[in-house]
Amino acid sequence: MSRQPAQASWTTGWVARHLGISPITLRTWETRYGIGPSSREEGRHRRYTAEDIERLRLMQRLIADGTRPREAAGLALGRAQTGISQRVGTDTDDLTASLNDAAEDLRLDIMADLLDSFFVSRGVVATWRDVLRPVIRSVGDRSVVDETCRDVEWALAGSIAAALDRSVRVNQFHIKPGHTALLACCPQERHALPLRVLTAGLHERSVPTVFLGEMVPIETTLAAERRLQPSVVVLWALRQENAARALARRLHARHVPLILAGSGWQGFTAVPAQTTDDLEHALKLIEALVPPAEPR
């Protein structure tokens with residue numbers, strides 16, 4: 001279960017960094033055009049909600065397309081009044097189609113904008129389940145029969161990975177020995193996207209996490225385990241030939257709590273580790289082992 005509040009909100013400084021504009025611009029838009037934060041915490045400054053950020057993103061896109069700022073703000077606010085939060089929350093087919101179209105056109109800027117918006121409005125797990133997996137599957141199926149789609153598949157995967165990394169940087173936590181999850185791909189495993197999603201999902205739940213990346217050498221993972229003394233180590237392998245069984249045995253010999261993630265570990269019973277090939281199941285397993293932390 002997520003530890004996020006029911007209605008998340010963000011400061012002006014955070015929103016400015018997230019959108020790539022200055023805080024002065026945000027305040028100007030609020031003063032001149034009435035497009036600003038709608039939430040206020042008692043005794044604090046007003047804060048932006050996910051719906052506020054969606055309106056600002058729409059205004060940005062309209063201005064980039066040549067619309068005057070005042071007209072862009074009016075259109076963004078008008079869209080909000082017709083139910084932007086409902087559109088963002090339920091119209092999955094439109095979201096999937098928008099991302100798919102941007103990928104087909106290799107519009108990295110639009111993909112980045114859409115992905116950041118999805119993660120803020122819907123969260124990592126829902127975005128992965130409802131939007132990203134269908135698009136990845138569709139593009140992947142096309143690339144099998146049409147090699148001209150390989151660039152689309154590559155650009156999409158890279159854009160998703162970059163957006164996940166950005167979402168992780170938003171929530172940073174103090175890493176303390178014995179109070180973190182260590183995530184690593186096996187040495188031969190190149191497909192790290194599902195483990196990046198797991199990392200972002202854990203950060204979203206305030207679980208301190210260190211992700212080492214793809215194709216991590218055995219000695220590197222062992223060295224990180226010695227340094228961090230993590231509450232749990234997660235080893236990812238998509239294919240059975242990539243599962244680092246020797247690494248699993250060495251970690252088990254150190255009495256390290258171990259989760260073997262991915263279909264590559266199917267049938268491996270040499271060590272008494274928990275196995276999973278499901279994102280939400282993996283999140284629950286790790287949350288049960290790693291205490292939450294306060295953001296920096």
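Since the model is a prediction, treat every value here as computed from it, not as a measurement.
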request  = Report yes or no: does T276 contribute a side-chain atom to a donor-acceptor pair with the main-chain N or O of H281 at less than 3.5 Å?
outcome  = no
request  = Give the C-alpha distance, both sets of side-chain angles, the deciding distance and a yes or no for salt bridge (Lys or Arg N to Asp or Glu O under 4.0 Å) between D109 and R107.
outcome  = CA-CA 5 Å; D109 54 339; R107 289 298 304 271; 2.7 Å; yes
request  = Kindly give the heavy-atom pair with the smallest separation between R196 and F211, and that separation in Å.
outcome  = CG-CE2, 3.6 Å
inquiry  = When you measure from the side chain of T180 to the backbone of P208, do you find a donor-acceptor pair of N or O atoms at a distance under 3.5 Å?
reply    = yes
key: Side-chain (W128) to main-chain (G123) donor-acceptor, under 3.5 angstrom   = no
key: N/O donor-acceptor pair under 3.5 Å between S138 side chain and I136 backbone   = no
note = In short, D116 meets A163 closest at the heavy-atom pair OD1-CB, 4.0 Å
request  = For the residue pair V15 and T11, establish whether any side-chain heavy-atom pair is separated by less than 4.5 Å.
outcome  = no
inquiry  = How close do G36 and Y48 get, counting heavy atoms only, and between which atoms?
reply    = C-CE2, 3.8 Å
message = Exactly one of V124, V125, I286 should register a side-chain contact (heavy atoms from CB on, under 4.5 Å) with R205. Which one does?
response = V125
task = State, to 0.1 Å, how close L260 and A248 come at their nearest heavy-atom pair, and which atoms those are.
result = CD2-CB, 4.3 Å
Flag, side chain of S159 to backbone of A155, donor-acceptor distance under 3.5 Å = yes
query = By side chain to side chain donor-acceptor pair (under 3.5 Å), which residues pair with R254, not counting sequence neighbours?
reply = E225
request  = Could you grab the distance from atom NE2 of H18 to atom CG of L56, nearest 0.5 Å is fine?
outcome  = 11.0 Å
task = Decide yes or no for L132 and L99: does some side-chain heavy atom of the first lie under 4.5 Å from some side-chain heavy atom of the second?
result = yes
remark   = On a heavy-atom basis, the closest approach of T12 and P23 is CG2-CB, 4.1 Å
message = Other residues, nucleotides and ligands only: do more than 12 of their heavy atoms fall within 6.0 Å of CD on Q240?
response = yes
remark   = Closest heavy-atom pair, W10 versus T49, reported as atoms and distance to 0.1 Å, is CZ3-C, 3.9 Å
remark   = Separation between CD1 (I35) and CG (L58), nearest 0.5 Å, reads 7.5 Å
M215 reachable from L195 in the ILVMFWY side-chain graph, under 4.5 Å edges = no
message = Would the distance check show the side chain of W236 and the main-chain N or O of H191 forming a donor-acceptor pair, the cut-off being under 3.5 Å?
response = yes
request  = Tell me whether V139 is reachable from W154 by hopping between hydrophobic residues (I, L, V, M, F, W, Y) whose side-chain heavy atoms are closer than 4.5 Å.
outcome  = no
inquiry  = Quick check on R245: does its CZ atom have over 12 non-hydrogen neighbours (other residues, nucleotides or ligands) under 6.0 Å away?
reply    = yes
task = Ignoring hydrogens and angles, state whether a donor on the side chain of N242 or E189 is under 3.5 Å from an acceptor on the partner side chain.
result = yes
